[in-house]
Amino acid sequence: MAEPQEPSGPPRAPSGTHDVLWPESARWEELVSRFARRAQMAGYGLALTPVLEEARLFRRGVGEASEVVTKEMYELTDRGGRHLALRPEGTAPVVRAFVQHRPSVPFKAWYVTPAFRYERPQAGRYRQHHQLGVEALGSDDPDLDVEVVALAAGFYDDLGLRRVELSVNSMGCEADRPTYLSALGRYLQEHASELCQEHQERWVHSPLRVLDCKRPQCRAVTEDAPRMVDFLDEACAAHFARVRAGLDALGIPHRLDPRLVRGLDYYTRTTFEFASPALEGAQNAVGGGGRYDGLAEVIGGPAAPGIGFGIGIERLLLACDAEGCFDPAVPTPDVFVVDVTGGQAARDLCQELRRCGLAAERAFGGRSLKSQLRRADRSGARAAVVVGPAELQAHRVQVKDLRGDRPDREVARAVLAVELVSDLLGGDAGTGAAGGGP
RNA sequence: GUGGCCGUAGCUCAGUUGGUUAGAGCGCCAGGUUGUGGCCCUGGAGGUCGGGGGUUCAAGUCCCCUCGGUCACCCCA
C-alpha cells in the first residue's frame with residue numbers, strides 16, 4: 001500500500017477518472033436516451049440503486065475468487081463502522097434490490113451507472129467507468145436470454161456499429177459443472193508443464209481462468225481441452241440449443257466460443273460477450289453478460305434465475321470513433337437574443353421565448369453589438385433577435401436570419417414569439433406553451 | 001500490481017550540441033465599422049515548461065524521485 005502524498009496545485013480528477021463536458025457530453029445524452037428507448041420498448045424499467053453497497057454483497061455475489069472483488073474493489077468504512085464498497089459492477093446491486101423488495105416477476109430493469117475498479121488505467125480502462133445494462137429476474141426461459149442478447153445487439157446496431165462480434169458459451173449449472181471441472185482438471189494436470197508460467201502454479205486454484213489465458217502456451221493446451229458445452233446435462237444442453245436457435249431465428253450472428261469464461265463467479269448457463277475488432281489493443285470487449293441463476297440465493301434471497309449484461313460506455317464510444325459512426329449533432333439554440341440597451345430586454349425575451357418552446361440563448365455582461373452578434377453566430381443559433389435603443393423605443397425587434405440569406409426584418413415585440421415559433425418550429429409547436437407562472 | 005514510452009499556452013504542437021525577456025496555428029478577448037455576425041486585417045490576454053530535488057556559471061533541454069497520461073502484461077466494460 002503506497003503512502004498517500006499530498007498533491008500540489010489545484011485539485012484534479014483522480015487517476016483513472018475523467019470529466020465529460022459539453023459538447024462531448026451531448027453524445028452521452030444521446031447514447032443513454034437511445035438505450036433507454038430500446039430498453040423501454042422491450043419492457044425494461046429504469047432501476048436506480050446506490051453507488052455504495054455493503055461490501056459483503058460483492059464478496060458473496062460477484063465472488064471471493066474473482067479479481068474484480070479481491071484486487072480491484074474500492075472498499076471503505078464509514079463513520080458508523082459499516083464496511084461498504086463502491087460498486088464494481090451493475091448486476092449484484094440490482095439483484096440485491098430485487099431480493100430486498102421482491103417485485104413481481106419477471107422483473108426487468110435497465111440501468112446506467114458508474115462502476116469502480118482499482119486497476120492501472122489505460123485507454124478504454126478506467127477506475128471509474130460507466131455502464132449501461134439490463135437485468136431480468138424470475139425466469140429461466142431461454143427466450144429471455146435471446147431477448148436480452150437481442151437488446152444489446154440492436155443497440156450496437158442503432159449506433160451504427162457494424163463490426164461488433166458476439167461470442168456465446170454455456171457455463172452449465174451446479175449439477176453439471178463439477179463433472180466438467182474434474183475433467184478439465186485431469187486434462188490440465190496432464191499438460192501442466194506446457195502451460196504458461198503463471199498458470200503452471202494457478203491452474204489448480206482456478207482452472208477456468210486457464211481457458212481465458214491469451215498466452216500462446218495456454219492457448220495451445222486449451223485448444224483441445226474438454227469443453228463445457230460437451231458436459232452440459234440434458235436441461236442445460238436443451239436450454240443452450242434453444243438460445244442459439246433463437247439468435248439464429250432473429251438473425252443475430254454469433255459464434256460459439258467454448259473458452260469464453262467470464263471473470264465474475266456468478267455466471268451459469270448462457271454467457272456472452274461483444275467485442276469490437278475496430279478497437280486496437282486488449283480492451284476490445286464492449287459488452288458482456290450472462291445468466292446467473294444462483295445469484296439471488298447466494299446473497300440470501302429466494303431462488304430466482306436471472307440474466308443481464310453490462311455495456312461500457314467509454315469503450316463503446318471509442319469503438320464508435322474507430323468505426324467513424326455515431327456522431328450526433330450537438331444541439332444548438334433556436335434563437336440568440338442580442339440586446340445593447342442594458343440587458344433587461346434580453347432577460348425578458350429569453351424567458352418568454354423559452355416558455356414558448358424555443359431554445360433561447362444570449363450574452364451576458366453588457367458586451368458590444370459586434371461581440372454579441374459574433375457569439376450569436378458561433379452559438380449555431382438559426383436566428384438572432386436584435387434589440388437596440390430604436391427598437392426598444394418602438395416596441396419592435398430586428399430578426400436576423402443567421403443561416404440563410406433571408407433579409408433582416410422588423411417585428412413587433414408583441415408578436416415576436418409567435419412569429420419565431422412559426423418560423424423556426426414549423427408553425428404548430430409552442431402555441432400551448434405560453435402562459436403559466438414564471 | 002509489473003515493465004516500456006510520453007508530459008511545453010484552453011487545444012494541437014515547434015523549441016537546434018544545456019546559453020539572453022519560451023514560440024506558432026487554432027480557440028478566446030478587443031479594435032478595424034459612432035448600431036450589425038460569418039471572411040479578412042491589426043492588437044491583446046493566457047505558460048509555476050506536470051510537481052519536487054539534484055548536477056552546472058547556466059536546465060524546457062542532463063540525473064533522481066513523484067504525479068499524470070499512454071502501451072503491453074493482468075483484468076474486464
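What you see below is based on every heavy atom in this structure, not just the backbone, and it leaves out hydrogens, waters and symmetry mates. In what follows, every chain begins at residue 1, and chains take the letters A, B, ... in the order their sequences are listed.
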Work out how far the P atom of B:rG25 is from that of B:rU42, and round it to whole angstrom.
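Nearest-Å result for B:rG25 against B:rU42 at atom P: 10 Å.
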Say we look at B:rA58 and B:rA72: how far apart would their P atoms be, to the nearest angstrom?
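Those two atoms are separated by 43 Å.
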Distance in angstrom units between A:Tyr267 OH and B:rA77 C1', rounded:
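Atom OH in A:Tyr267 sits about 10 Å away from atom C1' in B:rA77.
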Test salt bridge (charged side-chain N to carboxylate O under 4.0 Å, His left out) applied to A:Asp176 - qualifying residues, sequence neighbours left out:
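Partners of A:Asp176 under the salt bridge (charged side-chain N to carboxylate O under 4.0 Å, His left out) test: none.
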Contacts of type salt bridge (charged side-chain N to carboxylate O under 4.0 Å, His left out), residue A:Arg37, not counting sequence neighbours
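A:Arg37 satisfies salt bridge (charged side-chain N to carboxylate O under 4.0 Å, His left out) with no other residue.
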Dump every N/O contact between nucleotides 25-28 of chain B and the protein below 3.5 Å, one line per pair.
residue, atom, partner, partner atom, Å
B:rC28, OP1, A:Arg378, NH1, 2.9
B:rC28, OP2, A:Arg378, NH1, 2.3

Which letters describe nucleotides 3-8 of chain B, given B = protein heavy atom under 4.0 Å from base, S = only from sugar-phosphate, - = neither?
B-----
Would you tell me if any nitrogen or oxygen in the side chain of [X] comes within less than 4.0 Å of OP1 or OP2 on [N]?
| X | N | result |
| --- | --- | --- |
| A:Ser371 | B:rA30 | yes |
| A:Arg367 | B:rA30 | yes |
| A:Arg209 | B:rC76 | yes |

Close approaches to RNA chain B from residues 14-23 of chain A, in residue order (heavy atom, under 4.0 Å):
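A:Ser15, A:Gly16 - these, ordered by number, are the residues of the stretch whose heavy atoms sit under 4.0 Å from the strand.
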Relative to the ring of A:His191, is the ring of A:Tyr187 parallel (under 30°), tilted (30 to 60°) or perpendicular (over 60°)?
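Because their plane-to-plane angle lies in the 30° to 60° range, the rings of A:Tyr187 and A:His191 count as tilted.
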Residues 13-24 of chain A, side-chain donor-acceptor partners within the protein, below 3.5 Å, at least two apart:
residue, atom, partner, partner atom, Å
A:Thr17, OG1, A:Pro14, O, 2.7
A:His18, NE2, A:Glu314, OE2, 2.9

Hey, could you give me each pair passing ring pair (Phe, Tyr, Trp, His ring centres under 6.0 Å) that has a residue in residues 376-403 of chain A? Not counting sequence neighbours.
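Sorted result for residues 376-403 of chain A: empty, none.
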Considering only nitrogen or oxygen atoms on both sides, find all protein atoms under 3.5 Å from nucleotides 40-44 of chain B and state each distance.
none

Can you list, pair by pair, the side-chain donor-acceptor contacts under 3.5 Å of residues 152-160 of chain A, counting residues two or more places apart and other chains?
residue, atom, partner, partner atom, Å
A:Tyr156, OH, A:Val286, O, 3.2
A:Asp157, OD1, A:Arg162, NH1, 3.3
A:Asp158, OD2, A:Arg38, NE, 3.4

List in chain and number order the residues that pass side chain to side chain donor-acceptor pair (under 3.5 Å) with [X], two or more places apart in sequence or in another chain; answer none if no residue qualifies.
| X | result |
| --- | --- |
| A:Arg382 | none |
| A:Asp348 | none |
| A:Ser182 | none |

Would you please say whether a donor-acceptor pair under 3.5 Å links the side chains of A:Thr49 and A:Arg96?
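Looking only at side-chain atoms, A:Arg96 and A:Thr49 do not form any donor-acceptor pair under 3.5 Å.
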Looking at every strand, decide which applies to A:Gln398 at a 4.0 Å heavy-atom threshold: base, sugar-phosphate, or nothing.
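Counting heavy atoms under 4.0 Å across all strands, the contact made by A:Gln398 includes a base.
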Quick check, does A:His130 stack with B:rA77? I mean ring centres under 5.5 Å and planes off by under 30°.
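The ring of A:His130 is not stacked on B:rA77.
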